Novice: 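The structure that follows is given in the form of structure tokens.
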Amino acid sequence: MTEGFSQAVYRVVMAIPQGYVATYGMVAQLAGRPRTARMVGGVLHRNPQPGVIPCHRVVFRDGSLAPGFAFGGPGEQQALLEQECVRFIAGDDSNAGAAGMRVDLQQCLWDGRMNGSEEQHIE
DNA sequence: TAAATGACAGGCC
DNA sequence: AGGCCTGCCATTT
């Protein structure tokens with residue numbers, strides 16, 4: 001199996017707790033390859049185990065999502081994140097105006113730290 | 001076997 | 001501040 005790296009990526013993505021998001025670069029680093037952010041996305045696109053790997057929790061370094069390459073739909077990914085209590089920045093509050101909907105990495109960026117147990121409970 | 005591609009990231013203009 | 005270009009590295013054909 002030459003998918004050792006893919007396996008690591010799946011494991012990391014699956015370890016992302018609810019309400020949190022991780023960047024491709026972060027996942028890559030946790031997977032053991034700090035410079036393979038592109039690979040992470042490629043792996044998720046190749047074999048996104050449906051229902052097993054929450055690829056919607058993986059976002060860009062800017063907090064943006066993959067444009068047009070979502071698993072079920074560009075809006076679907078964002079909706080899922082909102083469903084997990086992930087805050088979104090609409091660039092409407094009190095900050096630099098104008099800024100496509102981005103995930104609030106300031107609050108929901110995963111620390112790469114697990115919750116003690118090695119498996120999270122998905123309701 | 002080698003070359004091209006690709007769900008990114010960071011730096012530069 | 002925003003947009004463009006290049007670099008990195010594993011997988012695929």
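As the structure is a computational prediction, the values presented were derived from the model and not from experiment. Below, read A as the first sequence line, B as the second, and so on, with proteins coming before strands; counting in each chain starts at 1.
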Novice: Supply the atom-to-atom distance A:His56 NE2 to A:Leu44 CG, rounded to the nearest 0.5 angstrom.
Specialist: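 If I round to the nearest 0.5 Å, the distance is 12.0 Å.
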Novice: Could you list the donor-acceptor pairs under 3.5 angstrom formed by side chains in residues 23-41 of chain A, with sequence neighbours left out?
Specialist:
| from | atom 1 | to | atom 2 | distance (Å) |
| --- | --- | --- | --- | --- |
| A:Thr23 | OG1 | A:Met26 | N | 3.1 |
| A:Thr36 | OG1 | A:Arg33 | O | 2.9 |

Novice: Just to be sure I understand the rule, does A:Ala66 reach a base, reach only the sugar-phosphate, or reach nothing, if contact means heavy atoms closer than 4.0 Å?
Specialist: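 Base, at least one base heavy atom under 4.0 Å.
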Novice: Identify all pairs in which a protein N or O lies below 3.5 Å from an N or O of nucleotides 6-8 of chain C, and state each distance.
Specialist:
| from | atom 1 | to | atom 2 | distance (Å) |
| --- | --- | --- | --- | --- |
| C:dG7 | O6 | A:Arg38 | NH1 | 2.7 |
| C:dG7 | O6 | A:Arg38 | NH2 | 3.2 |
| C:dG7 | N1 | A:Arg38 | NH1 | 3.1 |
| C:dC8 | N3 | A:Arg38 | NH1 | 2.9 |
| C:dC8 | N4 | A:Arg38 | NH1 | 3.0 |

Novice: Given atom CZ of A:Phe5 and atom P of C:dC9, what is their separation to the nearest angstrom?
Specialist: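 My rounded result for the distance is 12 Å.
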Novice: What is the first contacted nucleotide of DNA chain B and what is the last, in 5' to 3' order, if contact means an atom lying under 4.0 angstrom from a heavy atom of chain A?
Specialist: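 Reading along DNA chain B, I get B:dG6 to B:dG10.
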Novice: Who are the side-chain contact (heavy atoms from CB on, under 4.5 Å) partners of A:Asp62, not counting sequence neighbours?
Specialist: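 By the side-chain contact (heavy atoms from CB on, under 4.5 Å) rule, A:Asp62 matches A:Ser64.
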Novice: Taking only residues two or more places apart in sequence, or in another chain, which ones meet A:Gln49 in a side-chain contact (heavy atoms from CB on, under 4.5 Å)?
Specialist: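 For A:Gln49, the residues satisfying side-chain contact (heavy atoms from CB on, under 4.5 Å) (neighbours in sequence not counted) are A:Asn47, A:Val52, A:Ile53.
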Novice: According to side-chain contact (heavy atoms from CB on, under 4.5 Å), who are the partners of A:Glu76, at least two apart in sequence or on a separate chain?
Specialist: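 If we apply the side-chain contact (heavy atoms from CB on, under 4.5 Å) test to A:Glu76, skipping adjacent residues, the hits are A:Phe71, A:Leu80.
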Novice: Using a heavy-atom distance cut-off of less than 4.0 Å, which residues of residues 25-33 of chain A contact DNA chain B?
Specialist: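 By residue number: A:Gly25.
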Novice: Report which part of the nucleic acid A:Phe60 touches: base, sugar-phosphate, or nothing (heavy-atom distance under 4.0 Å, all strands).
Specialist: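 Counting heavy atoms under 4.0 Å across all strands, the contact made by A:Phe60 is with sugar-phosphate only.
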Novice: In Å, rounded to the nearest 0.5 Å, how long is the span from SG of A:Cys108 to CD1 of A:Ile16?
Specialist: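 Reported to 0.5 Å precision, the distance equals 12.0 Å.
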Novice: Which residues pass the ring pair (Phe, Tyr, Trp, His ring centres under 6.0 Å) test with A:Phe69, sequence neighbours left out?
Specialist: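 With neighbours one apart ignored, the set is A:His45.
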Novice: Which residues satisfy the side-chain contact (heavy atoms from CB on, under 4.5 Å) test with A:Leu105, sequence neighbours excluded?
Specialist: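 Scan of A:Leu105 (side-chain contact (heavy atoms from CB on, under 4.5 Å), adjacent residues dropped) gives A:Val21, A:Val59, A:Leu109.
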Novice: On DNA chain B, does the nearest nucleotide to A:Met39 precede the nearest nucleotide to A:Val59 from the 5' side, or the other way round? Give the residue.
Specialist: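 Of the two residues, A:Met39 wins.
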Novice: In terms of heavy-atom contacts, does OH of A:Tyr10 have more than 12 from other residues, nucleotides or ligands at under 6.0 Å?
Specialist: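 Counting neighbours around OH of A:Tyr10, more than 12 heavy atoms of other residues, nucleotides or ligands fall under 6.0 Å, so yes.
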Novice: Find out whether A:Phe60 and A:Val103 are in side-chain contact, i.e. whether some heavy atom of one side chain is under 4.5 Å from a heavy atom of the other.
Specialist: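 The answer is no, as the side chains (C-beta and beyond) never meet within the 4.5 Å cut-off.
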